[in-house]
Amino acid sequence: MPRLPILTAILALAAHMAVADPAFWKHEWPKTDFTTTSVESWVEIVSGGPPKDGIPALSDPEFIEASEETRIGGREPVITLKIADAVPRAYPIRYLTWHEIVNDEVAGVPVAVTFCPLCNSGLVFDRRVGARVLEFGVSGKLRHSDMIMYDRQTESWWQQAVGEAIVGDLTGTELRQVPAWMESWDQFRARHPDGRVMAEPAYPRRYGHNPYGGYDGLTRPFLYSGDPPPHGIPALARVVRVGDRAWPLERVRRHGGLSEEGVVIGWEAGQASALDTEVIAQGRDVGSVRVRDAQGRDLPHDVMFAFAFDAFWPEGRWMLGE
């Protein structure tokens, strides 16, 4: 059975957290321009518990050869990033669960590899904005249960699920999403035996353990006040998002993959849920998704919870196959 005591404690704490208020935040965020924002109501933003940088983002991580890695379970999820002819890199979710953002550079492209456990959203962004290269940290704030990132250059706030600045000088600026996908460690090293994997960070964390035990088996997301998704889709069911369209993962799995409207969604069994059991490697099999266009080119996408898609794309299309 999934273990829920840690999550229960988090939820109990959250019940006493104050709704975000720019007047209160100013002492912590003196460089942030709160008069410039696309957020219609500040009540959408709440504290997730940890303060600014309480969840420490990583920069310039070390990597080791895939053949040298012995800690990671075969079914554990990793975010795979392959840019041009560079050696493919794997960013294990066992580390991203505790750090949420990795600032890196691959083939000359500065990237932010991000994972929001509360939305199951794993996205990679190009960190270049105009002539600047931004470095991202974790603000400790949530909006619709999704992580709000911030850049260290202007201290603008960015919505992770959409890659757009929502508060501060850069409000309205969008980051370019870089194609990447989540798969199991076994799948990565089978395809890329000469690939590289991010080494274990030098932090005292319980890497390989899920602090949100049983989370994706709940009926209600953490610190989310919105309505449930339409069409009877459970709030924490996974969907494959491509642009403003969402394919229920269960439908994709049932068909062993889908090809619709120029989008080819592949599905392969063998990846453990990072948000099920306390030990990530023991999570139930949710499978791995890779999305390409009709020419076989990788497409930016996300495998996120249904409630988050509905919150950020309220006019989005639900690809139900009806």
Side-chain angles (χ1 to χ4, degrees), residues 32 38-39 53 55-61 63 77-84 86 88-93 95-183 198 240-244 289-292 297-305 308-309 311-313:
T32 303
S38 60
V39 177
D53 294 323
I55 296 174
L58 303 174
S59 293
D60 302 318
F63 286 80
V78 302
I79 292 178
T80 296
L81 181 59
K82 188 178 188 307
I83 298 179
R89 296 189 181 188
Y91 299 82
I93 296 299
Y95 307 142
L96 279 161
T97 294
W98 297 92
H99 296 281
E100 300 193 359
I101 301 172
V102 177
N103 296 284
D104 199 6
E105 183 172 322
V106 182
V109 179
V111 296
V113 181
T114 72
F115 178 64
C116 177
L118 299 177
C119 291
N120 196 65
S121 177
L123 300 170
V124 178
F125 299 107
D126 188 326
R127 293 190 284 122
R128 293 174 291 192
V129 171
R132 283 190 281 206
V133 176
L134 303 179
E135 181 179 0
F136 289 94
V138 182
S139 73
K141 306 295 188 290
L142 300 172
R143 180 169 173 245
H144 304 320
S145 201
D146 180 60
M147 166 179 51
I148 295 177
M149 314 186 296
Y150 78 95
D151 70 80
R152 302 191 192 282
Q153 284 68 31
T154 73
E155 297 207 350
S156 297
W157 292 8
W158 300 74
Q159 194 72 62
Q160 181 264 352
V162 298
E164 181 176 339
I166 59 171
V167 177
D169 294 344
L170 298 179
T171 293
T173 304
E174 297 182 12
L175 299 172
R176 182 179 71 88
Q177 187 180 343
V178 179
W181 59 95
M182 204 178 295
E183 61 185 342
M198 192 174 83
V240 182
R241 181 189 67 80
V242 185
D244 64 353
V289 166
R290 189 167 178 180
V291 180
R292 298 180 172 97
R297 296 170 296 199
D298 285 301
L299 290 175
H301 68 280
D302 195 7
V303 180
M304 67 195 315
F305 289 138
F309 175 76
F312 292 109
W313 287 271

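- One distance of note links CZ of F136 with CG of L175; it measures 4.5 Å at 0.5 Å rounding.
- Proximity of a side-chain donor or acceptor of D104 to a complementary backbone N or O of V111 within less than 3.5 Å is not detected.
- Counted by atom type alone, T173 and E164 present zero donor-acceptor pairs between their side chains at under 3.5 Å.
- Of the possible donor and acceptor atoms, one in the side chain of R127 sits under 3.5 Å from a partner among the backbone N and O of L134.
- Residues E100 and P117 meet the side-chain proximity criterion, which asks for heavy atoms closer than 4.5 Å.
- Taken from CH2 in W157 to OG1 in T32, the straight-line distance is 6.5 Å, to the nearest 0.5 Å.
- Salt-bridge annotation for D53 and R152: present, with a side-chain N of the basic residue lying under 4.0 Å from a carboxylate O of the acidic one.
- Put simply, the residue from L58, I101, V106, V124 that forms a side chain to side chain contact (heavy atoms under 4.5 Å, CB included) with V113 is V124.
- In this structure, the side chain of T154 does not engage the main chain of D169 through any donor-acceptor pair within 3.5 Å.
- Without hydrogens or angle criteria, D146 side chain to A161 main chain gives a donor-acceptor distance under 3.5 Å.
- Between the side chain of Q160 and the backbone N or O of S121 there is at least one donor-acceptor pair closer than 3.5 Å.
- The backbone N or O of P56 sits less than 3.5 Å from a side-chain atom of H99, completing a donor-acceptor pair.
- Under the 4.0 Å criterion applied to side-chain N and carboxylate O atoms, D298 and K82 are not assigned as salt-bridge partners.
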